[in-house]
Amino acid sequence: MAEPRSPVSASVAHNPMVPAPEGSTLEVDPMEFTLRKRLPRKLPKRRNDVYVNMKTDFKAQLARCQKLLDAHREICIHGLGLAINRAINIALQLQTSSQGALQLAANTSTVELIDDLEPDDPDEAAEPLTRTRNNSAIHIKVFYPNP
């Protein structure tokens with residue numbers, strides 16, 4: 001049976017010492033802090049934008065995209081990190097089910113994410129720290145070409 005997961009993420013748990021932010025030379029022990037990942041800053045939300053994640057069922061996300069395509073001539077599918085493969089699969093499934101009537105245009109980008117490191121012991125004088133990291137993203141435009 002697997003051990004329960006630590007509140008510290010795998011990326012911090014594998015690093016014995018995480019450098020403190022803002023160029024200081026102090027090292028932070030990850031066992032004394034809890035990692036809280038902030039939500040990424042999103043692009044402007046339009047009616048035809050779909051933000052793909054790994055928690056929602058694949059078929060439900062595919063059905064939502066198909067429903068949006070019935071109402072709009074184009075949609076934009078956004079995937080971040082691990083959800084990039086799922087975003088690509090959804091776009092390809094939509095193209096296949098349309099017998100090639102849909103076209104795809106993909107763009108990639110890098111998104112800056114912010115994590116909070118909160119001290120586990122509230123009695124200590126340690127202040128919460130923030131850490132920035134980069135993650136890959138994809139934006140796929142799925143559209144019907146003009147006749």
Side-chain angles (χ1 to χ4, degrees), residues 1-24 27-120 126-147:
M1 182 165 216
E3 292 183 26
R5 299 186 90 191
S6 164
V8 179
S9 81
S11 64
V12 173
H14 289 296
N15 297 335
M17 300 299 263
V18 177
E22 300 165 18
S24 88
E27 301 273 335
V28 178
D29 184 6
M31 299 315 245
E32 296 177 9
F33 288 86
T34 302
L35 178 69
R36 303 268 184 237
K37 294 182 178 181
R38 292 186 195 175
L39 290 174
R41 187 184 67 77
K42 292 188 176 181
L43 296 173
K45 180 72 172 139
R46 299 170 295 198
R47 289 185 175 180
N48 58 344
D49 280 340
V50 178
Y51 291 91
V52 175
N53 63 44
M54 295 303 292
K55 293 182 180 179
T56 308
D57 183 54
F58 179 82
K59 289 184 179 180
Q61 292 178 2
L62 183 63
R64 181 168 181 252
C65 290
Q66 188 62 55
K67 186 177 177 183
L68 281 172
L69 271 173
D70 293 341
H72 302 281
R73 289 199 52 81
E74 73 176 48
I75 63 170
C76 190
I77 301 171
H78 306 277
L80 178 67
L82 188 61
I84 289 174
N85 285 340
R86 180 168 282 195
I88 293 169
N89 285 335
I90 288 173
L92 291 173
Q93 287 288 328
L94 291 169
Q95 187 180 38
T96 301
S97 66
S98 72
Q99 287 100 22
L102 286 171
Q103 290 188 356
L104 308 176
N107 292 313
T108 59
S109 67
T110 302
V111 177
E112 187 174 88
L113 302 174
I114 300 173
D115 298 333
D116 295 317
L117 291 164
E118 299 173 354
D120 286 337
E127 294 183 18
L129 304 172
T130 59
R131 174 180 75 178
T132 60
R133 60 188 170 91
N134 292 323
N135 209 344
S136 301
I138 192 164
H139 316 282
I140 307 169
K141 180 179 168 184
V142 182
F143 60 97
Y144 289 104
N146 292 332

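Basis for what follows: all heavy atoms, side chains included, without hydrogens, waters or symmetry-related copies. Since we're looking at a predicted model, the values are computed, not measured.
Screening residues 56-67 for salt bridge (Lys or Arg N to Asp or Glu O under 4.0 Å), with sequence neighbours left out, gives no hits. Sorted by first and then second residue, the salt bridge (Lys or Arg N to Asp or Glu O under 4.0 Å) pairs with a member in residues 138-147 read Glu74-Lys141; sequence neighbours excluded. Counting only residues at least two apart or on different chains, no side-chain hydrogen bond (donor to acceptor under 3.5 Å, both in side chains) pair has a member in residues 79-108.
With rounding to the nearest 0.5 Å, the separation of CD1 in Ile114 from NZ in Lys37 is 14.0 Å. In this structure, Asp115 CG and Arg133 CZ are separated by 4.0 Å, a value rounded to the nearest 0.5 Å. Here CG of Asp49 is found 9.5 Å from CD1 of Ile75. Values are rounded to the nearest 0.5 Å. Atom CG of Asn135 is separated from atom OG1 of Thr110 by 8.5 Å, given to the nearest 0.5 angstrom.
Residue Pro119 comes nearest to Phe33 through the heavy atom pair N-CD2, 3.6 Å, listed as atom of the first residue, atom of the second, then distance. The two residues Arg73 and Leu69 come nearest to each other via the heavy atoms O-CD2, 4.4 Å. Leu35 and Arg131 get closest at one heavy-atom pair: CD1-NH2, 3.7 Å. Shortest non-hydrogen contact noted between Tyr144 and Ala101 is CD2-O, 4.0 Å. When all heavy atoms of Leu80 and Ala137 are compared, the pair lying nearest together is CD1-CB, 3.9 Å.
Applying the side chain to side chain donor-acceptor pair (under 3.5 Å) criterion to Arg38, with sequence neighbours excluded, gives Asp116. Remark: Ser136 pairs with no residue by the side chain to side chain donor-acceptor pair (under 3.5 Å) rule, at least two apart or across chains. For Ala83, the side chain to side chain contact (heavy atoms under 4.5 Å, CB included) test picks out Val52, Met54, with sequence neighbours left out.
Between His139 and His78, the two ring planes are perpendicular [angle over 60°; tilted spans 30° to 60°].
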key: Test side chain to side chain contact (heavy atoms under 4.5 Å, CB included) applied to Ile77 and Leu94, step by step   = CA-CA 11 Å; Ile77 301 171; Leu94 291 169; 4.1 Å; yes
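Other residues, nucleotides and ligands contribute more than 12 heavy atoms inside 6.0 Å of the CG atom of Leu104.
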